[in-house]
There are 2 protein chains.
Amino acid sequence: MNVQEAMDLLKKKGYKYTDKRQDMLQLFSEESRYLAAKDVLETMQKTYDGMSFDTIYRNLSLFTELGILEATELNGEKRFRFTCAVDEHHHHVICLECGKTKHIHHCPMDDQPVQEAGFDVIGHKFEIYGYCSECRKQPAS
Amino acid sequence: MNVQEAMDLLKKKGYKYTDKRQDMLQLFSEESRYLAAKDVLETMQKTYDGMSFDTIYRNLSLFTELGILEATELNGEKRFRFTCAVDEHHHHVICLECGKTKHIHHCPMDDQPVQEAGFDVIGHKFEIYGYCSECRKQPAS
DNA sequence: TTTCATAATAGTAATAATTCCGATTTAATC
DNA sequence: GATTAAATCGGAATTATTACTATTATGAAA
């Protein structure tokens, strides 16, 4: 997935082209890390004065629905990143400070698929948290 | 960990005994599932008229600091459960509806400890989500 | 290229979870 | 029983997120 593919997908689904959407996607494509809504807003407001929360949130959730972004939750806020193209299914090591990620090319569900009696399993999460080399020095707790 | 042990720990650390703390702990000890703050508040308010948010939240975070409760985040809200006594370290299958859990006696970090260059790993999360037999019929999405 | 229907956006209000704070009450100690 | 610090209440403040209405802009059709 890249910006062009994402815009094409939007078009195919009948959504409209806007500069703001393109710029949001561009922002994500340049960063292989999880961004919070407020990070996106801050950056976008540099270009678009008066950019509203609503637009950010609406597009973040649209992009996530369409599989363009993937979301997780860190410290009580949702964060989003461009969907990885590396392989079918994998997990992440995530920096708690800046949201930077590295791939884990291994899924624990492959080893020991969980079949709990009576449980309809619909998803799982495997994430490793820490601080990257840049954020390591002063982890803002 | 049980209610008595938890109360002893509180005493040992210099915290005061209160009926509300005991009742909160009692509630958790009776349920092997994750409860949201509002669940705890609702139950407690049946006994204590005018019970405040503050008391709930303050005690939930105190209990968590002391290792009496363990926390996770589901659908944007923190949830808490009594710390499991089963074994040293394990993970959970969690019902997204009621918060009920089952243990996974296996940690993916044991198989393939992650050593990402430059990353200070400080924690990890492995959770499997689904619906338990009681909640399966009508998953309130 | 103008027109038109609809989607997207701005601006702001509303909601929901959580935290904070001053005043009061209570538990543990003297 | 008096004292002191912790715990609580009640409500306000914060923060992230969602909802709503009027306006604007996109894409398609005339």
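Since the model is a prediction, treat every value here as computed from it, not as a measurement. Protein chains get the first letters and strands the later ones, always in sequence-line order, with residue 1 at the start of each.
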- Query: Looking just at side-chain N and O atoms, do B:His105 and B:His89 make a donor-acceptor pair shorter than 3.5 Å?
  - Reply: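 No, because no side-chain N or O of B:His105 sits under 3.5 Å from a partner of the opposite role on B:His89.
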- Query: In terms of side-chain heavy atoms, does A:Gln26 have a donor or acceptor partner in A:Glu30 at a distance below 3.5 Å?
  - Reply: yes
- Message: Can you tell me which nucleotide in D:dC9, C:dA10, D:dT17 comes closest to the side chain of A:Ala37?
- Response: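 For the A:Ala37 side chain, the nearest candidate turns out to be D:dT17.
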Roughly, in whole Å, what's the span from [atom1] in [X] to [atom2] in [N]?
X: B:Glu42; N: C:dA17; atom1: CD; atom2: C1'; answer: 14 Å
X: A:Asp39; N: D:dT17; atom1: CG; atom2: P; answer: 11 Å
X: A:Met44; N: C:dA8; atom1: CE; atom2: C1'; answer: 13 Å
X: B:Arg79; N: C:dA17; atom1: CZ; atom2: P; answer: 11 Å
X: B:Met7; N: C:dA27; atom1: CE; atom2: C1'; answer: 11 Å
X: A:Tyr15; N: C:dT9; atom1: OH; atom2: P; answer: 12 Å
X: A:Leu41; N: C:dG11; atom1: CG; atom2: P; answer: 12 Å
X: B:Lys13; N: C:dA27; atom1: NZ; atom2: C1'; answer: 20 Å

- Should A:Glu31 and A:Arg81 count as an ion pair when the cut-off is N to O under 4.0 Å? no
Ignoring backbone atoms, test whether [X] places a side-chain nitrogen or oxygen under 4.0 Å from the OP1 or OP2 oxygen of [N].
X: A:Tyr57; N: D:dT18; result: no
X: A:Asn59; N: C:dT9; result: yes
X: B:Lys78; N: C:dT19; result: yes
X: A:Tyr17; N: D:dT26; result: no
X: B:Lys20; N: D:dC9; result: yes
X: B:Thr55; N: D:dC9; result: yes
X: B:Arg58; N: D:dT8; result: yes
X: A:Thr18; N: C:dA7; result: no

- Which sits closer to the 5' end of DNA chain C, B:Gly76 or A:Asp54, going by the nucleotide each is nearest to?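 The residue whose closest nucleotide sits nearer the 5' end is A:Asp54.
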- Which sits closer to the 5' end of DNA chain C, A:Phe53 or A:Gly14, going by the nucleotide each is nearest to?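 First, find each residue's nearest nucleotide; the 5'-ward one identifies A:Gly14.
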- Task: Identify whether any heavy atom of A:Arg21 sits under 4.0 Å from a base atom; if not, whether one sits that close to sugar-phosphate; answer base, sugar-phosphate or nothing.
- Result: sugar-phosphate
- For A:Glu77 and for B:Asp49, locate the closest nucleotide of DNA chain D by heavy-atom distance; then report the residue assigned to the nucleotide nearer the 5' terminus.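 Its nucleotide being nearer the 5' end, the pick is B:Asp49.
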- Query: Is there a side-chain contact between B:Met51 and B:Leu41 (heavy atoms, below 4.5 Å)?
  - Reply: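 The answer is yes; the side chains approach within 4.5 Å.
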- Item | Side-chain heavy-atom pair A:Cys107, A:Phe126 within 4.5 angstrom cut-off | no
- Task: Answer yes or no: does atom CZ of A:Phe53 have more than 12 heavy-atom neighbours from other residues, nucleotides or ligands under 6.0 Å?
- Result: no
- Message: Is it the case that D:dA5 (base atoms only) and B:Lys16 (side chain only) share a donor and an acceptor within less than 3.5 Å, ignoring hydrogens and angles?
- Response: yes
